[in-house]
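The residues of the chain are indexed from 1 along the displayed sequence. The basis for the numbers below is simple: all heavy atoms, side chains too, and nothing from hydrogens, waters or symmetry mates.
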Amino acid sequence: DLLAYSVTSSGVAPFPVWRASEHIPPPENRKIFTRSGGGGKEFRWTELSQADQSAIGSQDVLNFLRGDRSKEGGTFRTRGSSVLGDIVHSSPLYVKDSNTVYVGANDGMLHAFDASTGVELFAYVPSQSIPKMNNLSDVRYGTAALPHTYFVDGEINVSTRSQTTGRNYLVAALGHGGKGLFALDVTNPAGFSASNVLWEYFDAADADLGYMIGRPIIAKMNDGSSAVIVGNGYGSTNGRAVLYILDLTTGSLLKKIDTGAAGSNMLSSPGVFDSDGNGTIDYIYAGDLKGNVWKFDVSGTDRSSWGVALSGDPLFTAVDPGNVPQPITAPVTIVVDDVAGDLNYGKRFIFFGTGSYFRSGDPSDMQIQSWYGLIDDNARISGRSALKERTVQMEGRVNGYPVRTFSEAVAGDMAGKKGWYIDLKTAGGVAQGERIVTESKYYKLAEPTLIASSIIPVVDPCVPGGTG
């Protein structure tokens with residue numbers, strides 16, 4: 001379900017303002033769309049291509065998928081209290097321009113909800129969902145005979161109307177639900193129609209395309225195009241770390257940059273940087289499962305010049321104290337040091353944490369992971385010895401909450417260093433499987449502040465989440 005809570009100066013309200021599951025329109029009134037037969041269509045039986053009709057099976061199944069509950073408990077599976085599917089890895093995204101919340105669900109659809117009322121405005125079924133959607137009606141679905149399946153399970157991004165003049169373009173990955181991504185024109189969510197289905201990139205012949213688990217980036221490029229920038233994700237046929245740059249409005253592949261780093265690898269969600277402040281992206285940074293931090297030079301106006309910087313070498317390779325590569329699945333954050341008088345004033349810092357939490361064996365992995373801040377001097381950083389080590393010094397509780405302190409910086413201790421790192425261990429040096437799989441956030445407060453959220457998984461399939 002998706003819930004909305006009011007927030008005031010007193011804090012978060014104890015009860016939700018709305019639950020999306022309670023505001024799904026009747027089946028016949030729902031505005032559901034898909035891409036079928038090469039173009040945008042309403043998700044209705046007569047609108048679908050013959051191939052899609054065959055995949056779904058029957059009009060009764062399609063009616064079930066639209067929310068008809070008349071055959072549940074007999075012919076079809078009983079869905080419980082709501083027809084809204086489970087929401088697992090897709091994070092809700094609020095768009096201020098239209099006061100709309102978007103989220104992907106494992107009912108095969110991306111949903112758009114009115115942020116004030118929770119009413120579903122429209123839903124979109126990516127074409128790659130259709131071959132699996134028949135399973136949702138099967139009475140065995142969710143059992144060992146027909147296990148739960150991911151559908152629209154990835155991250156979402158929407159351009160602002162100032163970013164893409166007067167328009168809102170939505171781009172979403174399928175995450176664990178499939179290889180690829182899609183785009184919609186969501187400028188007017190309440191009036192969304194089949195003509196607002198822009199494109200899908202689900203190319204089965206593309207051996208570099210994987211399950212994209214990071215948020216797509218929308219940016220202006222130096223060739224004048226508005227683009228979607230995304231790492232290729234895990235599970236590709238080639239198993240390499242590859243950067244994709246696609247045209248935002250057409251989905252055409254502008255550039256695919258292969259790092260050459262192979263072996264069950266993937267490129268994680270990138271971070272972008274405009275080095276000259278003209279509004280176009282000049283450099284892209286992203287990590288991979290082998291611990292490499294890649295820098296891509298896209299500063300030229302000619303796409304043929306775009307490629308891996310530093311003569312094809314990674315900027316840095318993250319390894320633990322035993323010299324074992326640390327996987328990087330978190331997005332990279334890029335910040336210029338603007339603290340006057342600081343030893344590294346004016347230099348570009350690259351912040352990220354290491355660790356993985358999407359593979360079946362990840363929760364029980366006790367490898368030491370780290371939090372890094374690298375200085376990009378446009379040269380490869382040799383290794384940990386080039387960085388200043390920071391450590392967890394003390395641990396305790398304040399007002400009932402667990403807290404810890406880090407070693408304090410000493411004036412001049414960054415001299416000659418190419419950055420810093422903190423190994424995620426207890427003050428006593430014990431590794432607990434702590435890792436960082438989300439983006440580090442920089443805030444310019446009274447003191448420049450970097451914040452990251454870490455997790456320590458609970459190794460029990462019956463217990464969700466963990467600590468951190």
Side-chain angles (χ1 to χ4, degrees), residues 1-34 42-43 63-70 72 77-126 129 133 136 142 148 150-161 168-177 182 184-193 196-197 215 438 453 464-465:
D1 207 345
L2 179 67
L3 284 67
Y5 292 84
S6 62
V7 180
T8 66
S9 57
S10 301
V12 180
F15 303 106
V17 176
W18 53 257
R19 295 175 180 269
S21 61
E22 297 174 350
H23 297 281
I24 304 295
E28 63 276 10
N29 295 338
R30 292 182 74 184
K31 298 178 180 180
I32 307 177
F33 301 88
T34 189
E42 281 198 69
F43 189 62
N63 292 343
F64 171 92
L65 296 171
R66 289 186 59 87
D68 181 4
R69 312 198 67 171
S70 63
E72 289 185 18
R77 173 178 66 96
T78 300
R79 284 177 279 197
S81 61
S82 172
V83 299
L84 180 64
D86 57 287
I87 299 166
V88 182
H89 298 108
S90 181
S91 299
L93 182 76
Y94 173 68
V95 177
K96 184 178 180 180
D97 288 336
S98 59
N99 193 39
T100 306
V101 178
Y102 298 93
V103 71
N106 293 312
D107 51 15
M109 305 180 192
L110 171 96
H111 298 269
F113 298 101
D114 184 301
S116 298
T117 65
V119 172
E120 182 190 66
L121 299 174
F122 76 88
Y124 179 71
V125 177
S129 289
M133 291 184 79
L136 292 169
H148 173 275
Y150 293 115
F151 285 88
V152 187
D153 191 54
E155 296 290 347
I156 304 163
N157 201 356
V158 177
S159 67
T160 65
R161 292 180 190 172
N168 295 121
Y169 295 116
L170 178 149
V171 181
L174 296 186
H176 300 285
F182 62 90
L184 310 172
D185 182 340
V186 294
T187 306
N188 179 18
F192 189 91
S193 69
N196 297 126
V197 177
R215 176 165 290 171
T438 53
S453 176

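Contact of the Leu170 side chain with the Leu110 side chain is registered, since non-hydrogen atoms from C-beta on lie closer than 4.5 Å. Val101 is not listed as a side-chain neighbour of Leu93, based on a closest heavy-atom distance of 4.5 Å or more. Put simply, the side chain of Pro189 reaches to within 4.5 Å of the side chain of Tyr102, judged on heavy atoms. With a 4.5 Å cut-off on side-chain heavy atoms, Phe113 and Thr100 do not count as touching. Using a 4.5 Å cut-off on side-chain heavy atoms (C-beta onward), Asp1 and Ile87 make no contact. Two residues are said to be in side-chain contact when any heavy atoms from C-beta on lie closer than 4.5 Å; Leu184 and Tyr124 meet this criterion. By the 4.5 Å heavy-atom criterion applied to side chains, Glu120 and Pro25 are counted as neighbours. Within the 4.5 Å cutoff, the side chain of Val158 has heavy atoms near those of the Val186 side chain.
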How far apart are the C-alpha atoms of Leu174 and Phe182, what are their side-chain angles, what is the distance that settles it, and do they pass the side-chain contact (heavy atoms from CB on, under 4.5 Å) test? CA-CA 8 Å; Leu174 296 186; Phe182 62 90; 3.9 Å; yes
Check the pair Trp18 / His23 against side-chain contact (heavy atoms from CB on, under 4.5 Å), numbers first and verdict last. CA-CA 8 Å; Trp18 53 257; His23 297 281; 3.9 Å; yes
Does the side chain to side chain donor-acceptor pair (under 3.5 Å) test come out yes or no for Asn99 and Tyr94, once each step is laid out? CA-CA 7 Å; Asn99 193 39; Tyr94 173 68; 3.0 Å; yes
Kindly determine whether Met133 and Val125 satisfy side-chain contact (heavy atoms from CB on, under 4.5 Å), including the steps that lead there. CA-CA 10 Å; Met133 291 184 79; Val125 177; 3.4 Å; yes
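Remark: side-chain polar atoms of Asp68 are not paired, donor with acceptor, to backbone N or O of Asn63 under 3.5 angstrom. Judged by distance alone, with hydrogens and angles left aside, the side-chain atoms of Asp185 form no donor-acceptor pair with the main-chain N or O of Tyr169 at under 3.5 Å. Checked by atom type and distance alone, the side chain of Asn106 pairs as donor or acceptor with a backbone atom of Phe151 at under 3.5 Å. Checking side-chain atoms of Ser90 against main-chain N and O of Gly104 turns up a donor-acceptor pair under 3.5 Å.
Arg215 pairs by the salt bridge (Lys or Arg N to Asp or Glu O under 4.0 Å) definition with Glu155, not counting sequence neighbours.
Taking the ring centre of Phe43 as origin, the terminal cationic atom of Arg30 falls outside the region bounded by 6.0 Å and 45° from the ring axis.
Ring centroids of His111 and Phe122 are separated by 6.0 Å or more, keeping the two rings apart.
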